[in-house]
Chemist: 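Below is a structure I'd like to ask you about.
Since we're looking at a predicted model, the values are computed, not measured. Any value given below was found using the heavy atoms of this structure, including those in side chains, with hydrogens, waters and symmetry copies removed.
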Amino acid sequence: MRDATRQTVVWEALRAVLAERMAATGRGSLDIVDAGGGTGGFAVPLARLGHAVTVVDPTPDSLAALERRAAETGVSVKGLQGDTGDLGDLLEQDSADLVLCHSVLEYVEDPAAALTAAAGILRRGGVVSVLAANPVATAIHRALSGNFGEARQVLADSAGRWGDRDPTPRRYTREAVTGLLAKAGFTVGAVHGVRVFADLVPSRLAEADPAALIELEQAAAAHPVLRDIATQVHVIAYQ
């Protein structure tokens, strides 16, 4: 249930995008590419909705797990091994209606090139969904765990890292994500904060009233202050 609470805001945004693109194209299903989609956490549910989904991921083990997950669910998802920056080599131009770029920009060698590659495979009017870790939230979480020096380091570091042992190579503020998208030629649409409270509330309280926590997350997602302290920044942008 905790995972569902954390993902509700993203799925609400995606459902709105899917409805919008299907209405605009007149098609009952869309061509979706999940860059760095791993084991199919988003890809498989999207395939269950009837969309044609391709996952591009550099890890063979993840693609094998994706294949098993899709088979167990009774859907078909195409898996391709490669990096997000290779989208233009793996897929045809103008072949996708929606590209997911979730928890990818933190790890790719060239984030700008990755978004440019995503733009290259989108059809006119296509959409990219970007989900990225937020350094402000990381500073809050480090402080709440008593690591005050690491929290200060996050705020001072250009990549938003708390130290050499930090497993995340870089993090992004809302301004940084939207700036990268604009440079790649996208028009930025909705911006949401994901997991504003879900990662802060103790499990026993979250599990006591999950519906109320989901409602709180939905209310906080677009709040002009609270969205900027969320664990993740979610941006919808248009080609």
Side-chain angles (χ1 to χ4, degrees), residues 1-14 34-39 41-42 59 62 84 100-109 111 114-115 129-181 188 190-237:
M1 188 63 195
R2 193 67 174 259
D3 287 342
T5 302
R6 288 167 171 158
Q7 294 178 359
T8 294
V9 169
V10 178
W11 274 110
E12 281 192 345
L14 289 180
D34 190 351
T39 61
F42 281 93
T59 310
S62 293
T84 303
L100 306 187
C101 192
H102 293 176
S103 301
V104 168
L105 297 184
E106 297 95 321
Y107 301 97
V108 294
E109 290 186 10
L115 290 177
S129 169
V130 175
L131 189 65
N134 176 12
V136 178
T138 300
I140 293 172
H141 296 157
R142 299 314 292 175
L144 289 176
S145 63
N147 296 297
F148 305 126
E150 292 177 353
R152 188 175 65 252
Q153 175 64 21
V154 171
L155 298 177
D157 186 69
S158 60
R161 304 183 76 238
W162 49 260
D164 294 338
R165 296 181 294 107
D166 190 336
T168 303
R170 65 183 74 86
R171 296 181 176 87
Y172 298 87
T173 61
R174 172 176 54 86
E175 293 85 358
V177 175
T178 56
L180 278 173
L181 285 163
V188 174
V191 180
H192 296 104
V194 177
R195 295 153 58 186
V196 176
F197 294 105
D199 289 349
L200 297 175
V201 174
S203 294
R204 60 181 179 79
L205 297 179
E207 292 168 2
D209 196 348
L213 180 56
I214 287 174
E215 290 179 358
L216 178 59
E217 285 289 335
Q218 291 168 322
H223 190 284
V225 175
L226 293 176
R227 70 181 179 188
D228 287 343
I229 66 168
T231 298
Q232 294 172 302
V233 179
H234 185 222
V235 182
I236 298 294

Chemist: Is a donor on one side and an acceptor on the other found under 3.5 Å between the side chain of Arg174 and the backbone of Asn134?
Modeler: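 A pair under 3.5 Å: no.
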Chemist: Within the supplied structure, the quantity of interest is the number of heavy atoms (other residues, nucleotides, ligands) at a distance under 6.0 Å from Glu109 CD; does it exceed 12?
Modeler: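 Atom CD in Glu109 is not crowded, with 12 or fewer foreign heavy atoms closer than 6.0 Å.
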Chemist: Do Asp157 side-chain atoms and Trp162 backbone N/O form a donor-acceptor pair below 3.5 Å?
Modeler: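 A pair under 3.5 Å: no.
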Chemist: Using modelled atom types and a 3.5 Å cut-off, is there a donor and acceptor pairing between side-chain atoms of Thr231 and backbone atoms of Arg195?
Modeler: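 Pair found, side chain donor or acceptor close to backbone of Arg195.
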Chemist: With the side chain counted from C-beta on, respond yes when Val188 and Val235 share a heavy-atom pair under 4.5 Å apart, and no when they do not.
Modeler: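 Side chain of Val188 against side chain of Val235, heavy atoms only: contact under 4.5 Å found.
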Chemist: Does some side-chain heavy atom of Val196 sit less than 4.5 Å from a side-chain heavy atom of Arg227?
Modeler: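 Sidechains of Val196 and Arg227: no contact.
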Chemist: Return the minimal non-hydrogen interatomic distance between Ala139 and Ala151, and the atom names on each side.
Modeler: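 Looks like O-CB, 3.3 Å.
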Chemist: What's the separation between atom NE2 in His192 and atom CD in Glu12, rounded to the nearest 0.5 Å?
Modeler: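 Here the rounded value is 8.0 Å.
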Chemist: Can you measure from OG1 (Thr173) to CD1 (Ile229) and round to the nearest 0.5 angstrom?
Modeler: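 If I round to the nearest 0.5 Å, the distance is 14.5 Å.
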Chemist: If you compare all heavy atoms of Leu213 against all heavy atoms of Ala198, which two are closest, and at what distance to 0.1 Å?
Modeler: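 Smallest heavy-atom distance, with atoms named: CD2-CA, 4.4 Å.
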Chemist: Hey, are the side chains of Ser145 and Glu150 touching, using non-hydrogen atoms and a 4.5 Å cut-off?
Modeler: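 Side-chain contact under 4.5 Å: no.
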Chemist: Please confirm whether the backbone N or O of Gly160 pairs with a side-chain atom of Arg171, one donor and one acceptor, at under 3.5 Å?
Modeler: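 Side chain of Arg171 to backbone of Gly160: a pair is present.
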Chemist: Closer than 3.5 angstrom, by distance alone: can the side chain of Arg161 be matched with the main-chain N or O of Thr168 as a donor-acceptor pair?
Modeler: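 Yes, Arg161 side chain to Thr168 backbone: donor-acceptor pair under 3.5 Å.
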Chemist: What distance separates Leu216 CG from Asp209 CG, expressed to the nearest 0.5 Å?
Modeler: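 Going from the CG atom of Leu216 to the CG atom of Asp209 covers 10.5 Å.
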Chemist: For residues 100-107, dump all side-chain donor-acceptor pairs below 3.5 Å to protein atoms at least two apart in sequence or in another chain.
Modeler:
| unit_1 | atom_1 | unit_2 | atom_2 | d |
| --- | --- | --- | --- | --- |
| His102 | NE2 | Ser129 | OG | 2.7 |
| Glu106 | OE1 | Val104 | N | 3.2 |
| Glu106 | OE2 | Ala133 | N | 2.7 |

Chemist: Using the rule given for side chain to side chain contact (heavy atoms under 4.5 Å, CB included), can you reason through Tyr172 versus Val130, listing the C-alpha separation, both sets of side-chain angles and the distance that settles it, and then say yes or no?
Modeler: CA-CA 11 Å; Tyr172 298 87; Val130 175; over 6 Å; no
Chemist: Among residues at least two apart in sequence or on other chains, which ones pass side-chain contact (heavy atoms from CB on, under 4.5 Å) with Glu215?
Modeler: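 Scan of Glu215 (side-chain contact (heavy atoms from CB on, under 4.5 Å), adjacent residues dropped) gives Gln218.
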Chemist: What is the minimum heavy-atom distance between Ala159 and Pro169, and which atoms define it?
Modeler: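 Looking at all heavy atoms of both residues, the closest pair is CB-O, 3.7 Å.
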Chemist: Between Ala13 and His234, what is the shortest heavy-atom contact and its length?
Modeler: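 Where Ala13 meets His234 most closely, the heavy atoms are CB-CE1, 3.6 Å.
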Chemist: Got a donor-acceptor contact below 3.5 angstrom from the Glu217 side chain to the Phe197 backbone?
Modeler: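 Here the side-chain-to-backbone pair exists.
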Chemist: Who passes ring-ring contact (aromatic ring centres under 6.0 Å, His included) against His141, sequence neighbours left out?
Modeler: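 Scan of His141 (ring-ring contact (aromatic ring centres under 6.0 Å, His included), adjacent residues dropped) gives none.
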Chemist: First locate atom OG1 of Thr84, then atom CG of Leu115, and finally report the distance between them rounded to the nearest 0.5 Å.
Modeler: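 Here the interatomic distance stands at 9.0 Å.
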